Amino acid sequence: RRRLPAEIAGLLRAQFPDLPCELHSWRQKAEYSPEMRQFACTLYLYHTESYDYLQKIFPLPHPCSLTNWLSNNEAAAGFSNDIFLRLQEKVRRENRAYRYCTVMVQDMSLQKQQEWDPQTGCLTGFVDLGAGILDADEAPLASEVIILMAVGISSPWTAPLGYFFVNCMTGHLLAQLFRQAISKLNNIGIRVLAVTSGASACGAETARALGIRIDPERTQCTFHHPPGSGEGITYFFDVCHALQLIRNSLQCFQKVEWLSDTVWWQHVVELAALQEQRISEQCTPKSDRSGSKESYHLKVNLATPLFSEGVADALEHLQNLGLEAFQNCSGTVKFVRLMSSLCSVFYGRGPYGKGLNKPLLAGNYTKISNLFNEAKSFFATLTDSMGRYIIKSKRKLGFLSFLLNAESLKWLYSKYTCAEDITSHHLPTCAFSLDPLELFLRAIQQACGTRGSPTCAAFQAAYHKLLASFSLSPGSPHGSASGNTSLLDISLSRRRDLTLGSIRAQYNPAHGRALPGEYPFCAGLLLHSSALGNALTDLSLHTRSVSCAAGFVAEQLAWDLQCEACLASLFDSDESRLRCRSVLYIKKLGRVSLPSASVHHITRVSERVLKWYGKAGDGNKDTKLWHLSLEQKVFQELLGESPLFPTLTNHLFDGGLSISNHYTGLVKEITRCYLNIRTNLVQHLNLKYSCGRHRWKRLKESHLFPSPLGSCQLSCTHMGS
């Protein structure tokens, strides 16, 4: 008891006050009572040293026996017997795609709440590690749930292995759960090649508890389980978490030096805060308007990831334009480019990637290995303004995480891709990210039906619901709750606070999104929808109104899009100036951004569909079904026409081969946004001008003859202004 932490000793005393201490009560495994099993499992998971010590006095069961006691049916806490049986069946059918996997762990906060479950006749809300609820009066309530998942390496299958209710998550506990999961997977013929955790204090403690050494000079990237086995298992930190730590380091130090260059955080802040600027230039001799001036509006694409080639190109471009805030940014550009290359390696999503986004293959191993060596020497020389090495400071974990991941990836390449019994000789690095587990957790959150932390009972019900419809087939969604969300969408969402938009929000919190009070383009749209309007309205006014509405749709969607490439495709931009789309040169008429040809075409088709089918079912126009039917008609009209968004052709492969991708998502969102605007316009004017003999006069004064398109005034501010 003296060797146990106070919290664990208190939990054991509260839960097992009458546990027998006689040796004969522990001699036979068949005689172990539920309380004995609970005690053994709890002690082993929380404090292995104490368990080993007591095993010398009492005939405690072998740890292999505990694995079975930590497993349950019906989606109860602990390891899921159903999932392991289904995986075993996959392996039994000699499906090599299920031979190798990664095991990852993530936690989720819970609402502390004690509840009575009438079905089981037990109290819920307490700690439960799989061997039974620890529900003593003095036992603490669960505050977190730990979820383990297996992810295929040669094939993108996922399997939630189980969950555990805890009140205090420790690195030792996670290490023990990893070992138990590895043992269970080994028993059914699945070899675990790697484990992944978050890059956090608990994650670092877990790595050390497994025998991983996080040291740039003496890195140990593998551990063995069982301890005497010759099969090594690598350790990865989640790349998204590591990037957040590196961003925090730059923010805290402001200036980081390496050799003869300096990385300035302020350069990134200035880029994110850059206000929209108007630039006028002489038209080229080849243009039809030779001799006249052409006007563009330069603005920052706020969906651009912080550590990306786009930010590096933008800094160089603005420096070449002579902007004072971006002079002497060569050191910042080099650092961002190096981080961008590392991100490309660790976010490789499949065999269709290009450049460093490809999986690790024999053809690109040398290039990637050289990049890792460059990063190691680069990180080793980084110092703060006082000359102290960053990699030895309190802000070192993010950099060390990348170095450990690099060593693990190189080790796996040398051991795994050369094996004779593998189905694929490439390593998709996305298998070592927490993205698949995060996708599952978000599906659980949706199934819980609450935005805040769920209770134990709510989590358990949601988990049971998802597990009932869960498929182990590669690429299958996590039940109906996840919808059409892809791993690419989850990855972008998790990195939303690592974009230029998030940095602008940090340093300019007052610069928010302004909603429009009036729609200046509504007259030509509304009057064209009626018989009288067709007779009285100039068709050119209607055409201008649709164009203006298309620009408004592009600006509205730009606020919410998290994808840099998709956001850039919304606008009519001069793409010849910059390879990447981090800085956009957008044409405007007045204050309205001109949309791209694809956005304009979708809105014109939507307007045409609305004109054709808008008269049918007048009594049901406010229903969701009516809107969905219109969206379906728009898609039918677009089928067979020229491809939209030609700049997104290569981008479609980033999310895998699926009909539900960013291309179809963009078309759907543009259609939905435009139809919503049109519906809101009708409701707005019907309320404002519902009756009275001066109705048409007031409508004419306010909306029938707006200013020409060139001077349309939008009260909303565009995404980059």
Side-chain angles (χ1 to χ4, degrees), residues 102-109 144 146-149 151 169-175 177-178 194-216 219-223 233-253 256 305-307 335 338-348 372 375-376 378-380 382 390-409 411-412 429-439 441 490-499 502:
T102 302
V103 175
M104 51 190 63
V105 66
Q106 179 71 298
D107 65 290
M108 181 178 180
S109 63
E144 296 169 288
I146 299 171
I147 304 96
L148 288 167
M149 173 175 276
V151 176
M169 187 173 65
T170 65
H172 178 83
L173 175 60
L174 293 185
L177 292 177
F178 269 138
V195 297
T196 302
S197 75
S200 60
C202 190
E205 183 185 357
T206 304
R208 296 187 183 99
L210 290 172
I212 302 299
R213 186 183 299 118
I214 314 172
D215 189 326
T219 301
Q220 174 64 40
C221 65
T222 61
F223 66 97
I233 301 172
T234 56
Y235 198 100
F236 285 87
F237 285 116
D238 181 61
V239 173
C240 182
H241 291 168
L243 289 175
Q244 291 169 343
L245 294 177
I246 292 177
R247 177 208 57 195
N248 294 345
S249 298
L250 294 180
Q251 280 185 307
C252 292
F253 290 120
V256 175
L306 168 59
F307 300 109
F335 178 80
L338 175 64
M339 295 305 305
S340 174
S341 297
L342 291 174
C343 291
S344 296
V345 171
F346 288 107
Y347 279 118
F372 289 164
K376 184 175 182 179
F378 186 95
F379 292 165
L382 287 176
I390 303 296
I391 211 163
K392 296 182 179 180
S393 70
K394 63 180 181 180
R395 304 289 178 191
K396 62 186 177 182
L397 183 56
F399 299 98
L400 293 178
S401 297
F402 269 99
L403 295 183
L404 178 67
N405 288 1
E407 292 298 322
S408 294
L409 197 59
W411 189 93
L412 276 179
T429 52
C430 59
F432 311 117
S433 163
L434 290 180
D435 290 347
L437 182 49
E438 187 66 32
L439 178 60
L441 291 181
I490 284 294
S491 179
L492 292 173
S493 176
R494 295 183 65 214
R495 288 180 284 165
R496 191 163 192 171
D497 63 342
L498 292 167
T499 61
S502 69

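These numbers were taken from a predicted model, which means no experiment stands behind them.
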Notebook entry, point to check: Nearest heavy-atom pair of Thr206 and Gly171: which atoms, and what distance?
Noted result: OG1-CA, 3.3 Å

Item checked: Gap between atom OG1 of Thr102 and atom CG of Leu437 - 0.5 Å precision -> 12.0 Å

Check: Quick check: does any side chain N or O of Thr429 sit under 3.5 Å from a backbone N or O of Val345, one acting as donor and the other as acceptor?
Finding: yes

Margin query: For a 4.5 angstrom cut-off between non-hydrogen side-chain atoms, does Ile246 reach Phe335?
Written below: yes

Next item on the list: Hey, could you give me the OG/NZ distance between Ser249 and Lys396, rounded to the nearest 0.5 Å?
Entry: 11.5 Å

Next item on the list: Could you tell me the separation between the CD1 atom of Ile214 and the CD atom of Glu407, rounded to the nearest 0.5 Å?
Entry: 13.0 Å

Check: Is a side-chain donor or acceptor of Asp107 paired with a backbone partner of Glu144 at a separation under 3.5 angstrom?
Finding: no

Check: If we only count heavy atoms from C-beta on, is the Ser197 to Tyr235 side-chain gap below 4.5 Å?
Finding: yes

Note to self: Please determine whether side chain to side chain contact (heavy atoms under 4.5 Å, CB included) holds for the pair Leu382 and Ile391, giving the CA-CA distance in whole Å, both sets of side-chain angles, and the decisive distance to 0.1 Å.
What the structure shows: CA-CA 7 Å; Leu382 287 176; Ile391 211 163; over 6 Å; no

Checklist line | Donor-acceptor side-chain pairing of Thr499 and Arg495 below 3.5 angstrom | finding: no

Check: Looking at CE of Met108 and CD1 of Ile147, how far apart are the two atoms once the value is rounded to the nearest 0.5 Å?
Finding: 7.0 Å

Item checked: Interatomic spacing from CG in Leu245 to OG in Ser200 - rounded to 0.5 Å -> 8.5 Å

Note to self: Taking the side chain as everything from C-beta on, heavy atoms only, tell me whether Asp238 gets closer than 4.5 Å to Gln106.
What the structure shows: no

Notebook entry, point to check: Any side-chain heavy-atom pair from Val105 and Val195 closer than 4.5 angstrom?
Noted result: no

Checklist line | Stepwise side chain to side chain contact (heavy atoms under 4.5 Å, CB included) check, Arg395 with Cys252 | finding: CA-CA 9 Å; Arg395 304 289 178 191; Cys252 292; 3.6 Å; yes

Check: Between the main-chain N or O of Glu438 and the side-chain N or O of Arg494, is there a donor-acceptor pair closer than 3.5 Å?
Finding: no

Note to self: For a quick test of reading the model, state the closest non-hydrogen atom pair linking Phe307 to Met339 and the distance between them.
What the structure shows: CD2-CB, 3.7 Å

Note to self: Looking at Asn405, is its backbone amide N or carbonyl O close enough to the side chain of Ser408 to form a donor-acceptor pair, meaning the two atoms are under 3.5 Å apart?
What the structure shows: no

Margin query: Please report the interatomic distance CZ(Phe178) to CZ(Phe223), rounded to the nearest 0.5 Å.
Written below: 7.5 Å

Item checked: Validation row: Val239, Phe432 side chains within 4.5 angstrom (heavy atoms) -> no

Item checked: Close side-chain approach of Asn248 and Gln251, heavy atoms under 4.5 Å -> yes

Check: For the residue pair Leu404 and Gln220, what are the closest heavy atoms and their distance?
Finding: CD1-O, 4.2 Å

Next item on the list: Show your reasoning for whether side chain to side chain contact (heavy atoms under 4.5 Å, CB included) applies to Phe379 and Ile390.
Entry: CA-CA 8 Å; Phe379 292 165; Ile390 303 296; over 6 Å; no

Note to self: Is there a side-chain contact between Phe372 and Leu403 in this structure, where contact means two heavy atoms from C-beta onward sitting under 4.5 Å apart?
What the structure shows: no

Next item on the list: Could you walk me through whether Ile146 and Leu173 pass the side chain to side chain contact (heavy atoms under 4.5 Å, CB included) test, one step at a time?
Entry: CA-CA 10 Å; Ile146 299 171; Leu173 175 60; 4.0 Å; yes

Check: If you take all heavy atoms of Cys202 and Thr170, which pair is closest and at what distance?
Finding: SG-C, 3.7 Å

Item checked: Closest heavy-atom pair and its distance - Cys221, Trp411 -> SG-CB, 4.0 Å

Checklist line | Residue pair Cys240 / Leu243, side-chain heavy-atom distance below 4.5 Å | finding: no

Next item on the list: Please confirm whether Phe237 and Phe399 have ring centers closer than 6.0 angstrom.
Entry: no

Checklist line | Over all atoms of both residues, closest heavy-atom pair of Ala242 and Ala199 | finding: N-CB, 3.9 Å

